[in-house]
Amino acid sequence: MAQWLEKLAHWYDRRQKLKRPWQELRYVALDIESTGLDPKKHQILSIAWMTIHPPVMHYGNAQYHVFAHGQELELGQSPTIHGLTQQDFLHSSEPRQTFGMLSRALNDAVLVCHHKGMDWRFLKHIEAEYGTLFKPLAVFDTLAFEKNKLERNPQQPIQGGQLTLSACRKRYNLPDYHAHHALTDTLACAELFLAQCYSNENSNRPATSLLKRAAN
């Protein structure tokens, strides 16, 4: 009974917070770089996140972590693996401590990512493996937001490649960044999130209105 009441209280608290104007909430942009798309078979190589208090991105406090997993031994003669050099792997982070930091960062914040499906799968796998819980208020998927926006014009069907992070940024005249680096992609995702919100949302609208347009 006590556990049920605790869940109900958490649900109510979350609901009340999401009724506030979207600019009043805290957001955390996240990117994960991995050896593949299946968290049961592949490993996280690097992860980065950054706090956003609209319209401010706290770049100076962003977190970036690399996990070795023995990858430094697999480089051999190759200078990089997934954009990471052997030097990067020499300064790898401890996973449990890193994921604990991320869990605390996501508490009472909205998670922002580009392609929720992949990132959320890895986060759920981390929960199962390390017992670290991730309980953001909600998830804002910049890819889903852009997809919903493009689908409102049925005369122009979405073409292949139109929903990549780079392609979405171009529609808001944001600069090109080198892709597939966790910290750079986190910054790129955070900038896209703010561009999408300020281009489409009234500052007084509740966060729920914004999140409905960023759901799959």
Side-chain angles (χ1 to χ4, degrees), residues 6-32 39 47-59 61-63 99 102-127 132-154 158 162-172 174 182 185-216:
E6 183 179 348
K7 287 184 178 179
L8 180 62
H10 176 73
W11 171 84
Y12 180 78
D13 181 61
R14 172 181 171 274
R15 184 182 179 187
Q16 293 303 111
K17 287 175 180 175
L18 292 176
K19 286 181 178 180
R20 292 160 54 189
W22 71 271
Q23 283 184 300
E24 293 183 8
L25 298 184
R26 182 171 61 88
Y27 300 83
V28 175
L30 170 82
D31 184 72
I32 294 174
I47 187 170
W49 66 88
M50 179 191 307
T51 297
I52 307 166
H53 287 97
V56 178
M57 298 184 301
H58 297 280
Y59 186 81
N61 295 326
Q63 294 288 325
F99 299 142
L102 176 59
S103 174
R104 291 189 291 274
L106 289 176
N107 188 39
D108 280 337
V110 175
L111 171 62
V112 178
C113 52
H114 193 77
H115 189 13
K116 169 190 172 181
M118 176 186 165
D119 292 325
W120 193 246
R121 279 198 306 271
F122 274 96
L123 291 180
K124 298 307 288 185
H125 184 74
I126 291 169
E127 286 189 338
T132 303
L133 298 180
F134 301 110
K135 293 184 176 181
L137 291 174
V139 181
F140 183 102
D141 187 341
T142 53
L143 185 152
F145 186 97
E146 203 65 16
K147 181 173 181 286
N148 290 336
K149 178 182 175 182
L150 293 176
E151 285 178 340
R152 290 200 292 272
N153 186 359
I158 298 175
Q162 277 191 293
L163 294 175
T164 65
L165 181 56
S166 177
C168 292
R169 286 173 56 83
K170 286 181 180 178
R171 283 191 285 274
Y172 294 89
L174 294 170
D185 282 356
T186 295
L187 172 61
C189 182
E191 289 178 344
L192 176 60
F193 161 73
L194 289 176
Q196 288 174 327
C197 294
Y198 282 106
S199 295
N200 294 274
E201 291 296 323
N202 183 296
S203 61
N204 291 320
R205 285 188 181 181
T208 49
S209 170
L210 179 69
L211 292 165
K212 285 179 182 179
R213 300 177 62 180
N216 289 313

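Along the sequence shown, residues are numbered consecutively beginning with 1.
One distance of note links CD of Q196 with OH of Y172; it measures 4.5 Å at 0.5 Å rounding. Here K135 contributes atom NZ and L106 contributes atom CG; the two are 12.5 Å apart, rounded to the nearest 0.5 Å. Of the inter-residue distances, the one linking Q16 atom CD with L137 atom CG reads 12.0 Å to the nearest 0.5 angstrom. With values rounded to the nearest 0.5 angstrom, C113 atom SG is found 14.5 Å from W49 atom CH2. The distance from the SG atom of C197 to the CG atom of L192 is 9.0 Å, given to the nearest 0.5 Å. Of the inter-residue distances, the one linking N107 atom CG with L133 atom CG reads 10.5 Å to the nearest 0.5 angstrom.
Ion pairing between a basic and an acidic side chain is recognised when a charged N comes within 4.0 Å of a carboxylate O; R26 and D108 show no such pairing.
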Exercise for review: Show the numbers, then the answer: is there a ring pair (Phe, Tyr, Trp, His ring centres under 6.0 Å) between F193 and Y27?
Suggested key: CA-CA 10 Å; F193 161 73; Y27 300 83; 4.7 Å; yes
Review point. Step by step, would you call D119 with V139 a side-chain contact (heavy atoms from CB on, under 4.5 Å)?
Key: CA-CA 11 Å; D119 292 325; V139 181; over 6 Å; no
Review point. Taking it one step at a time, do L123 and I126 satisfy side-chain contact (heavy atoms from CB on, under 4.5 Å)?
Key: CA-CA 5 Å; L123 291 180; I126 291 169; 4.2 Å; yes
Exercise for review: Please step through side-chain contact (heavy atoms from CB on, under 4.5 Å) for the pair L111 and F134, ending with a clear verdict.
Suggested key: CA-CA 10 Å; L111 171 62; F134 301 110; over 6 Å; no
Point to revise | Candidate pair K149 and R171, rule side-chain contact (heavy atoms from CB on, under 4.5 Å), full reasoning | key: CA-CA 12 Å; K149 178 182 175 182; R171 283 191 285 274; 5.8 Å; no
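Here the side chain of S103 pairs no donor or acceptor atom with the backbone of F99 at under 3.5 angstrom. Between the side chain of R213 and the backbone N or O of F145 there is no donor-acceptor pair closer than 3.5 Å. For R169 (side chain) and E191 (main-chain N/O), no donor-acceptor pair under 3.5 Å exists by modelled atom type. Q63 places no side-chain N or O within 3.5 Å of a backbone atom of L102 that could act as its donor or acceptor partner. Judged by distance alone, the side chain of T186 and the main-chain N or O of A48 form a donor-acceptor pair under 3.5 Å. A donor-acceptor distance shorter than 3.5 angstrom exists from the side chain of D141 to the backbone of H115, with no hydrogens or angles considered.
What you find for L143 and L163 is that their closest heavy atoms are CD1-O, 3.6 Å. Considering every non-hydrogen atom in both A190 and A29, the closest pair reads CB-CB, 3.9 Å. The two residues P39 and R121 come nearest to each other via the heavy atoms CG-O, 3.8 Å. Of all heavy-atom pairs between A195 and S199, the closest is O-OG, 2.7 Å. Between C168 and Q162 the shortest heavy-atom distance is SG-O, 3.9 Å.
Heavy-atom contacts from other residues, nucleotides or ligands closer than 6.0 Å to CZ of R20 number more than 12. Atom OH of Y59 has 12 or fewer neighbouring heavy atoms from other residues, nucleotides or ligands inside a 6.0 Å radius.
In this structure, the side chains of K147 and I158 come closer than 4.5 Å at one or more pairs of heavy atoms.
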Side-chain donor-acceptor pairs of residues 50-57 under 3.5 Å, sequence neighbours excluded:
from	atom 1	to	atom 2	distance (Å)
H53	ND1	H58	NE2	2.9

